[in-house]
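In what follows, chains carry the letters A, B, and so on, assigned in the order in which the sequence lines appear, proteins first and then strands, with residues in each chain numbered from 1.
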2 protein chains.
Amino acid sequence: MIAAYDAAMRTIEVSVAVPGSATWWLEHRAREARRRPRTDGLSTGRIIAAALALVDTEGLDALTVRRLADDLATGSASLYRHVASRDELIVLLVDHVIGEVRYPPAGVSGRAKVEVLSIELRRVLMDHANLVPALTASPLLGPNAMRGTENGLAGLIEAGFAPTVAVPAYLALVDFVLGTVFFDTSSAGRSAGVSHSSSDLISELPVDVFPTLRANQGEFELPSIDDVFAFGLTTFLAGLEHRFPLDG
Amino acid sequence: MIAAYDAAMRTIEVSVAVPGSATWWLEHRAREARRRPRTDGLSTGRIIAAALALVDTEGLDALTVRRLADDLATGSASLYRHVASRDELIVLLVDHVIGEVRYPPAGVSGRAKVEVLSIELRRVLMDHANLVPALTASPLLGPNAMRGTENGLAGLIEAGFAPTVAVPAYLALVDFVLGTVFFDTSSAGRSAGVSHSSSDLISELPVDVFPTLRANQGEFELPSIDDVFAFGLTTFLAGLEHRFPLDG
DNA sequence: ACCTGAACACCGTTCAAGT
DNA sequence: ACCTGAACACCGTTCAAGT
């Protein structure tokens, strides 16, 4: 009984929260506050910077604890003094990248602010395309992500939408931005010369089963990934304004 | 010189295509056609079924080649006779799951068909939520995915949109569906009792930096993930019809 | 007290040796 | 010819031994 209780408490103290969850971020903030500086040259900031450089240049798979330790000229065990696990490191990395979003000046508000923020979020994620698969590992609840949510939601409310509309609209918009980023980066594997494009694949399909694709094969060549993003953003906002006409 | 040439050719013959790319799918189809039956009890179909069961019950991380071999009562090396790599297996798994989409009867066309297909794609992916992170590994170009593209695009064209509109609209719509699925499954980490919801996190934020979030905190409790999906789908289609009014 | 070398329990993949 | 046990070159993480 007592042994089981102790074991349970130990689990809780060590932190039961999964990295990236709301609970984890709350605990993380408390942990950072009571942190005392380390005697070695390492810091969470240096680790994150080195990890991001590694991911950007060699991909997410290259981010191993051992390799990162090599880059920082230490042993892998030393990193565990600053970061609890590889998963936690990735969660910190994602919020760090979201922190690269540039916010528009105070004069920009309403729909324009929403558009700028959507474009910015997409820009910083595409700038770190190798990190994108890591976005599925946790919800976006870090401080930088929350700042984006604050501003995006404010933009929609400034634009005149009621909170009951603005909240689902904001969430749907983030879903769309992330979707374009996922899709664009997963299609990126095709290197121009050697590989076939999806259009080449379409021309191999039997015309009786795939009449629409075969007939419109050329259209798939034309829209760039940025075109599709702009098309979707404009169409979504048009639909929002059409469904919920503003009072003014 | 000659050694280098031989090495290059060998690389190409072994297949230079990355699993899931258009080139890979084309090669895959050719490979399947000339495949002769194995003497052991294994088949790609049995492997995929066992892999999916494992992912569904224990998660994507539990899908190791060794564990899968155990489940199939063989050694890990034997699986490499049917599947070239773990990555290839995951690509096959994703298209297999997309194959669970149920198509509407022939009477359903136009906007209704587009809605049904969007809802179906979301349903099958949410049914296999543990597999969702694997969707970022490759573009969706398998036979089952192409069937979905054929039908989705046909729906938009039946609805009266020109191909130059229908193609980007289809791509943006898939981006949105995938985005909601990614977002919903990555937020799923919060188990009801122990964990905090994002709303609990919001109430910890300083009101001077996050006024909009604090003021509208309650709204984030209300919309379920299905509500946000339905909201976004309806809004996007409304925007499409508003921007490109039909002739009829 | 803080740090870390060395070990533990795993991976995906290959290939020589068996049938 | 086909199949696979055993090995290779890695992982993330832990902890006893050092300073």
Side-chain angles (χ1 to χ4, degrees), chain A residues 7 10-11 13-20 31 34-44 46-48 50-51 54-55 58-93 133-134 137-138, chain B residues 7 10-11 13-20 31 34-44 46-48 50-51 54-55 58-93 133-134 137-138:
Chain A
R10 199 152 42 236
T11 314
E13 275 170 37
V14 164
S15 124
V16 69
V18 34
R31 233 173 0 244
R34 87 175 88 90
R35 167 188 288 283
R36 295 199 284 125
R38 306 288 177 181
T39 58
D40 57 4
L42 277 182
S43 66
T44 312
R46 273 193 69 213
I47 292 173
I48 289 176
L54 183 53
V55 169
E58 303 190 31
L60 195 55
D61 288 343
L63 178 63
T64 69
V65 177
R66 288 166 143 95
R67 169 63 196 276
L68 183 58
D70 272 358
D71 288 2
L72 289 162
T74 23
S76 61
S78 301
L79 297 185
Y80 285 89
R81 213 133 276 290
H82 300 83
V83 170
S85 66
R86 182 178 183 270
D87 285 349
E88 175 172 314
L89 175 61
I90 286 177
V91 165
L92 293 172
L93 222 40
S138 66
Chain B
R10 199 154 40 235
T11 313
E13 276 170 35
V14 164
S15 124
V16 70
V18 34
R31 233 175 357 246
R34 87 175 88 90
R35 169 188 287 284
R36 296 197 283 125
R38 305 288 177 180
T39 58
D40 56 6
L42 279 183
S43 65
T44 312
R46 272 193 68 213
I47 291 173
I48 289 176
L54 183 52
V55 169
E58 303 189 32
L60 195 56
D61 288 344
L63 178 64
T64 68
V65 177
R66 287 165 143 95
R67 169 63 195 276
L68 183 58
D70 273 359
D71 288 2
L72 289 162
T74 22
S76 61
S78 301
L79 296 184
Y80 286 87
R81 214 131 276 292
H82 299 83
V83 170
S85 66
R86 182 177 184 271
D87 285 348
E88 175 172 314
L89 174 61
I90 286 177
V91 165
L92 293 172
L93 221 40
S138 66

With pairs defined as Watson-Crick or G-U wobble and both distances under 3.5 angstrom, please note down DNA chain D as a dot-bracket string, | for pairing with another strand. ||.|||||...|||||.||

Ignoring backbone atoms, test whether A/Ser78 places a side-chain nitrogen or oxygen under 4.0 Å from the OP1 or OP2 oxygen of C/dC3. no

Where do B/Arg46 and B/Gly41 come nearest, in terms of heavy atoms and distance? NH1-O, 3.1 Å

Please report the shortest heavy-atom distance between B/His82 and B/Ser43, naming the atom on each side. CD2-CA, 3.9 Å

Min side-chain heavy-atom separation B/Arg86-B/Leu68 under 4.5 Å: no

Show, in sequence, the C-alpha distance, side-chain angles and deciding distance for B/Ile90 and B/Leu63, and conclude whether the side chain to side chain contact (heavy atoms under 4.5 Å, CB included) test is met. CA-CA 9 Å; B/Ile90 286 177; B/Leu63 178 64; 4.2 Å; yes

Distance-minimising heavy-atom pair for A/Val91 and A/Gly20: CG1-CA, 3.7 Å

Under a 4.0 Å heavy-atom criterion, the protein footprint on nucleotides 10-17 of chain D, written with B, S and -, is -BBBBB--

Measure the distance from CG on A/Leu79 to C1' on C/dC2 and round it to the nearest whole Å. 15 Å

Steps toward side chain to side chain contact (heavy atoms under 4.5 Å, CB included) verdict (B/Leu79, B/Leu89): CA-CA 10 Å; B/Leu79 296 184; B/Leu89 174 61; over 6 Å; no

Who pairs with A/Asp87 by salt bridge (Lys or Arg N to Asp or Glu O under 4.0 Å), at least two apart in sequence or on another chain? none

Residue among A/Thr64, A/Asp71, A/Asp70 satisfying side-chain hydrogen bond (donor to acceptor under 3.5 Å, both in side chains) with A/Arg67: A/Asp71

